[in-house]
Amino acid sequence: MSILTVQLGQCGNQIGFEVFDALFSDSYCSPGLCSKKENEAYQASCKERFFSEEGNGDLVARAVLVDMEPKVINQTLLKASQAGRWKYSQHACFCQKQGSGNNWAYGYSVHGPRHEESIMNLIQKEVEKCDSLSGFSIIMSMAGGTGSGLGTFITQKLQDQFPKSLKMNQVVWPYGTGEVVVQNYNSILTLSHLYRSSDALLVHDNDAIHKICEKRMNIRQISFSDINQVLAHQLGSMFQPTYSAEGSFHYRRSPLGDLMEILVPHPEFKMLGVRSIPQMSESSLAYSTFTWAGLLKHLRQMLISNAKMEEGINWHVRPPVSGLPTLGKTPCNKELHFNTSIANLVILRGKDVQSADLGGFKDPALYTSWLAPADAFNAWKTQRAFNKYEKSATLVSNSQFLVKPLDLIVGKAWNMFASKAYIHQYTKFGIEEEDFLDSFSLLEQVISSYCNL
Amino acid sequence: MGASNNGPRGIYDEAISSFFRNVDTRAVGDGGSISKGRICSLKARAVLIDMEEGVVNEMLQGPLRDVFDSKQLITDISGSGNNWAVGHKVFGSQYQEKILEKLRKSAEQCDCLQCFFIIHSMGGGTGSGLGTFLLKVLEDEFPEVYRFVTSVYPSSEDDVITSPYNSILAMKELNEHADCVLPIDNQSLFDIISKIDTVVKSGKLGKTVKPKSLVTSSVGASRKRHQKPFDAMNNIVANLLLNLTSSARFEGSLNMDLNEISMNLVPFPQLHYLVSSLTPLYTLADVNVPPRRLDQMFSDAFSKDHQLIRADPKHNLYLACALMVRGDVQISDLRRNIERLKPSLQFVSWNQEGWKTSLCSVPPVGHSHSLLALANNTCVKTTFVELKERFTRLYKKKAHLHHYLQVEGMEEGCFSEAVSSLSALIQEYNQLDATKSMPVQELPRLRIAV
């Protein structure tokens with residue numbers, strides 16, 4: 001089954017490019033460390049998911065590119081065609097001239113309705129190119145105007161027009177110290193609305209990825225390109241084919257469906273985080289060897305202590321002793337030390353993957369009590385290696401990962417809202433104070449729900 | 001305007017079409033517009049207005065004569081006599097139709113009109129009076145299009161006696177009808193030119209100074225106090241507009257359109273005055289200098305010596321700040337400098353992280369990088385307070401008032417209203433300043449039923 005990517009705004013389009021590039025590199029330019037037949041099955045599965053093929057054999061990304069100003073899409077198309085490995089379809093692009101002015105209200109209330117028909121038609125055309133559609137991966141930032149506002153609007157329309165298809169939103173969390181002054185307003189409006197119409201929100205945090213670039217990849221002058229490549233690597237490690245129950249040569253057919261089923265058992269809890277290790281510069285990679293035991297030990301501790309990367313992990317955090325009653329949990333204003341999970345998925349790729357022992361992730365103490373650990377935890381093991389890593393382990397988690405960042409954003413937005421600063425920019429386009437209050441309520445509810453796990 | 005990279009026989013692309021039309025001059029009649037392909041003849045998307053002919057005529061005989069469409073001019077002979085009322089009321093009504101006609105024509109020639117740049121001075125009669133009249137026309141006729149105003153405020157040594165009257169009357173219009181104002185004053189521009197001049201002469205820049213550069217050639221002139229190097233000063237303002245629009249014209253990893261300026265920097269409609277600074281200084285001169293430390297560029301942006309009006313943002317309160325970077329600068333450079341400089345800056349309690357940033361890949365011609373900082377900061381209050389004081393000194397004695405009152409439609413009420421408008425604005429800034437030393441309070445959050 002196929003995944004159709006919808007790239008929205010500057011962020012969405014810049015990231016989308018890196019994602020397709022990473023998927024292509026992995027499928028066609030990496031040593032799979034497996035048999036030829038295995039590699040071919042992998043490539044075929046990857047192609048079904050992400051690329052269609054033109055008559056002359058050219059690979060075309062299964063994507064729709066949307067932006068309210070033309071420069072980024074033009075750049076993106078150019079980059080792809082210049083690299084000459086795969087390309088975007090010229091006809092799958094929708095552009096305007098003016099941008100959304102970093103205004104969620106403008107993206108949602110003006111651009112949305114105005115361009116709904118054109119954009120949905122484009123999406124429909126791309127959907128028809130797929131034999132069967134697993135769902136949509138919608139890439140957008142929360143901080144700006146197009147990705148956030150128009151992205152939210154389109155997600156809602158996808159809900160209406162394709163009710164049977166799944167929607168995962170790749171939501172890019174902005175740097176804490178401002179890229180956009182009104183980013184906190186745009187963020188809360190986005191998150192609250194998406195919560196109602198998306199099936200899962202996978203959060204990608206600029207600050208966290210920046211640290212990975214700095215500390216793990218040793219990049220000195222970090223550009224957005226670097227950041228996006230790390231993000232693409234993480235997403236690729238999640239989305240690339242994995243074995244189904246039948247094992248070798250047989251890859252899972254429904255990537256989004258499988259993910260949602262495992263990770264989103266309850267509609268009130270849809271915020272997901274992703275961690276992928278190892279992540280390092282190519283030069284360091286040459287001198288490193290990994291064992292599954294080592295990788296998994298780190299990954300587990302990253303989960304428990306809510307570490308963003310494989311460095312500076314707090315090894316003192318331990319799961320609570322099982323057997324203690326779940327009542328009397330501390331209220332949410334305190335520092336959350338131990339990260340409780342609802343559900344986790346670990347994806348392992350590479351050499352000797354069958355020997356990897358995932359017992360540590362099955363400990364009931366890691367999870368809330370509603371699901372049996374056997375249901376709360378899943379692992380996908382695939383022999384075929386990912387990208388340049390002989391062994392790689394990815395964790396996709398529905399846990400308290402995002403409580404603190406969410407709480408921070410809501411707090412800042414609330415503070416600004418109390419002074420009514422910038423509100424006139426939103427009411428100008430039909431987003432009233434009540435809409436803000438609704439958003440705040442919903443998000444406080446989400447924070448509270450996650451806190452009380 | 002800085003030279004484009006396209007050259008005389010270059011390609012007419014999106015970037016250049018933001019400011020120019022491409023006209024086939026061989027075509028008879030109106031001169032058809034060409035939308036793509038090679039550059040034939042560039043015509044500025046501009047309307048030039050002056051109530052005397054001297055300046056405009058000089059431009060039409062100068063090196064840029066082909067750039068301005070002679071049909072997009074509105075001139076008169078007598079001038080406004082440094083009288084806002086003449087410019088606003090007399091010439092306003094007289095030329096309203098003509099102005100509308102020219103504007104509509106220019107607007108029609110745009111695929112997608114995003115904003116108007118109004119460039120004028122506050123202290124005189126035409127720029128101040130007719131210029132602010134024009135603002136109202138634009139608001140009525142094109143309500144959706146942003147109005148950015150670059151206003152040159154009179155310095156304290158200004159030789160126009162009535163400049164405080166003109167400025168205060170114009171301020172009221174700016175308060176009410178502009179989306180965003182970038183105040184400039186001549187003294188600051190002059191000081192910047194002098195600073196460049198000093199650095200150039202000190203030989204620190206070595207043999208890399210171009211012989212006929214715009215700035216350095218007026219070095220001699222700057223020695224005579226009453227002879228101001230206006231060309232060089234105006235070049236700074238031109239660079240301001242260039243850098244302001246670079247991220248909208250050229251590609252970059254974090255674009256910023258003009259409509260984002262208001263959105264991010266204007267928290268309340270009346271507080272729309274932005275203090276600007278351009279660094280490094282030598283990008284304002286035709287000087288080739290090996291890039292100094294990147295971080296120095298960021299530090300300088302906050303120094304009071306680099307602001308285009310007399311203001312000290314560092315020692316006042318920020319409501320919001322935008323950093324628009326051009327050239328070989330990446331997100332990590334930007335973040336490192338924000339982290340470094342943040343502790344020395346004071347932001348208002350409800351916007352502690354009020355930064356807007358943009359990265360444009362294309363640097364100014366001949367340089368590796370540049371930075372434009374726009375601050376919504378209470379330091380702009382200084383200019384307004386001084387203006388009000390100068391006004392009051394004149395008005396108390398009713399000096400020159402009759403020149404205004406004899407214009408039809410003018411009465412003393414106009415003056416008192418204008419002063420009230422300014423006082424209210426100053427009061428807003430005062431109230432914000434009062435919050436400066438207060439600790440940031442954590443407001444109680446919404447409680448929801450568990």
Side-chain angles (χ1 to χ4, degrees), chain A residues 10-11 14 68-72 74-75 96-103 106 144-145 175-184 206 210 213-214 219-227 407 410-412 414-425 437 440-445 448-449 452, chain B residues 14-15 111-114 146 247-269 319-322 328-335 338-339 342 348-359 361 376 440-450:
Chain A
Q10 172 160 31
C11 176
Q14 286 178 183
M68 294 296 101
E69 59 110 348
K71 295 195 300 290
V72 180
N74 288 341
Q75 281 290 307
Q96 287 296 284
K97 298 239 173 197
Q98 262 225 53
S100 304
N102 284 167
N103 192 331
Y106 201 80
Y175 287 99
T177 5
E179 301 168 20
V180 170
V181 176
V182 289
Q183 62 186 45
N184 297 315
N206 274 352
H210 190 107
C213 287
E214 201 183 354
I219 304 173
R220 300 226 23 246
Q221 199 190 22
I222 301 167
S223 65
F224 271 117
S225 211
D226 297 316
I227 305 249
D407 188 64
V410 171
K412 289 191 207 172
W414 183 248
N415 226 27
M416 191 181 265
F417 182 69
S419 72
K420 299 289 175 272
Y422 299 99
I423 298 295
H424 71 286
Q425 309 271 15
L437 286 171
F440 282 117
S441 301
L442 192 147
L443 293 177
E444 295 282 9
Q445 181 68 62
S448 172
S449 305
N452 292 323
Chain B
E14 287 268 354
D111 268 339
C112 177
L113 179 57
Q114 183 162 74
Y146 284 90
S247 187
R249 292 178 289 129
F250 300 120
E251 52 97 10
S253 63
L254 193 55
N255 294 342
M256 178 167 163
D257 236 334
L258 291 162
N259 49 13
E260 293 170 31
I261 295 181
S262 254
M263 181 67 190
N264 284 285
L265 297 175
V266 182
F268 300 100
L319 302 184
C321 184
D328 184 22
V329 183
Q330 301 300 343
I331 187 67
S332 55
D333 301 312
L334 197 47
R335 303 202 52 72
I338 292 178
E339 290 304 313
K342 216 169 58 146
V348 72
S349 66
W350 40 260
N351 201 5
Q352 292 273 290
E353 266 105 23
W355 297 88
K356 164 69 183 166
T357 53
S358 78
L359 293 166
S361 309
N376 193 337
V440 181
Q441 270 183 318
E442 271 291 318
L443 291 165
R445 296 258 290 269
L446 263 187
R447 283 182 198 224
I448 36 100
V450 170

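Naming: A, B, ... by sequence-line order, numbering from 1 per chain. Note that this is a predicted model, so its numbers are computed, not measured.
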Let's test your reading of the structure: which of A:I222, A:V410, A:N415, A:I423 forms the most heavy-atom pairs below 4.5 Å with chain B? A:I222

Could you check whether A:K71 pairs with B:D257 (Lys NZ or Arg NE/NH1/NH2 to Asp/Glu carboxylate O, under 4.0 Å)? no

Examine distances only and state if a side-chain atom of A:Q425 and a backbone atom of B:V266 form a donor-acceptor pair shorter than 3.5 Å. yes

Using a cut-off of under 4.5 Å on heavy-atom pairs, state which of A:E179, A:K412, A:M416, A:K97 scores highest against chain B. A:E179

Would you say A:Q98's side chain and B:Q114's backbone share a donor-acceptor pair under 3.5 angstrom? no

For A:Y175, does its backbone N or O pair with a side-chain atom of B:E353 as donor and acceptor, under 3.5 Å? no

Mind ranking B:L334, B:T357, B:L359, B:I331 by heavy-atom pairs under 4.5 Å with chain A and telling me who comes out on top? B:I331

At a heavy-atom separation under 4.5 Å, does B:S361 approach chain A through its side chain, its backbone, both, or neither? neither

Would you tell me whether A:Q221 and B:D333 have side-chain atoms, one donor and one acceptor, within less than 3.5 Å of each other? yes

Taking A:V180's backbone N and O only, do any of them form a donor-acceptor pair with B:N264's side chain (distance below 3.5 Å, no angle check)? no

Region of B:S358 that comes under 4.5 Å of a non-hydrogen atom in chain A: neither

Toward chain A, the part of B:D328 with a non-hydrogen atom under 4.5 Å: both

Ranked by heavy-atom pairs below 4.5 Å to chain A, first place among B:L319, B:L443, B:N255 goes to B:N255

Check the side chains of A:Q14 and B:S253 for a donor-acceptor pair under 3.5 angstrom, ignoring hydrogens and angles. no

Can you name the nearest heavy-atom pair linking B:L446 to A:W414, along with the distance? CG-CH2, 3.6 Å

Please give me the minimum heavy-atom distance between A:S419 and B:F268, naming the atom from each residue. O-CZ, 3.3 Å

Closer than 3.5 angstrom, by distance alone: can the side chain of A:Y422 be matched with the main-chain N or O of B:M263 as a donor-acceptor pair? no

Shortest non-hydrogen separation from A:S223 to B:Q330 and the atoms involved: CB-OE1, 3.0 Å

Residue from B:A15, B:C112, B:P269 scoring the most non-hydrogen pairs under 4.5 Å with chain A is B:P269

Is the side chain of B:E251 donor-acceptor paired with the backbone N or O of A:Q75 at a distance under 3.5 Å, no angle test? no

So, for B:K356 and A:N102, which heavy atoms are closest and what is the spacing to 0.1 Å? NZ-OD1, 2.7 Å

What distance do B:N259 atom CG and A:E69 atom CD have between them, rounded to the nearest 0.5 Å? 9.5 Å

Proximity breakdown for B:Q352 and chain A, heavy-atom pairs closer than 4.5 Å: neither

Please classify the contact of B:R335 with chain A as side chain, backbone, both or neither, using a heavy-atom distance under 4.5 Å. side chain

Keeping the roles fixed (side chain from B:E260, backbone from A:G145), state whether a donor-acceptor pair exists under 3.5 Å. no

Part of A:E444 lying under 4.5 Å from any heavy atom of chain B: both

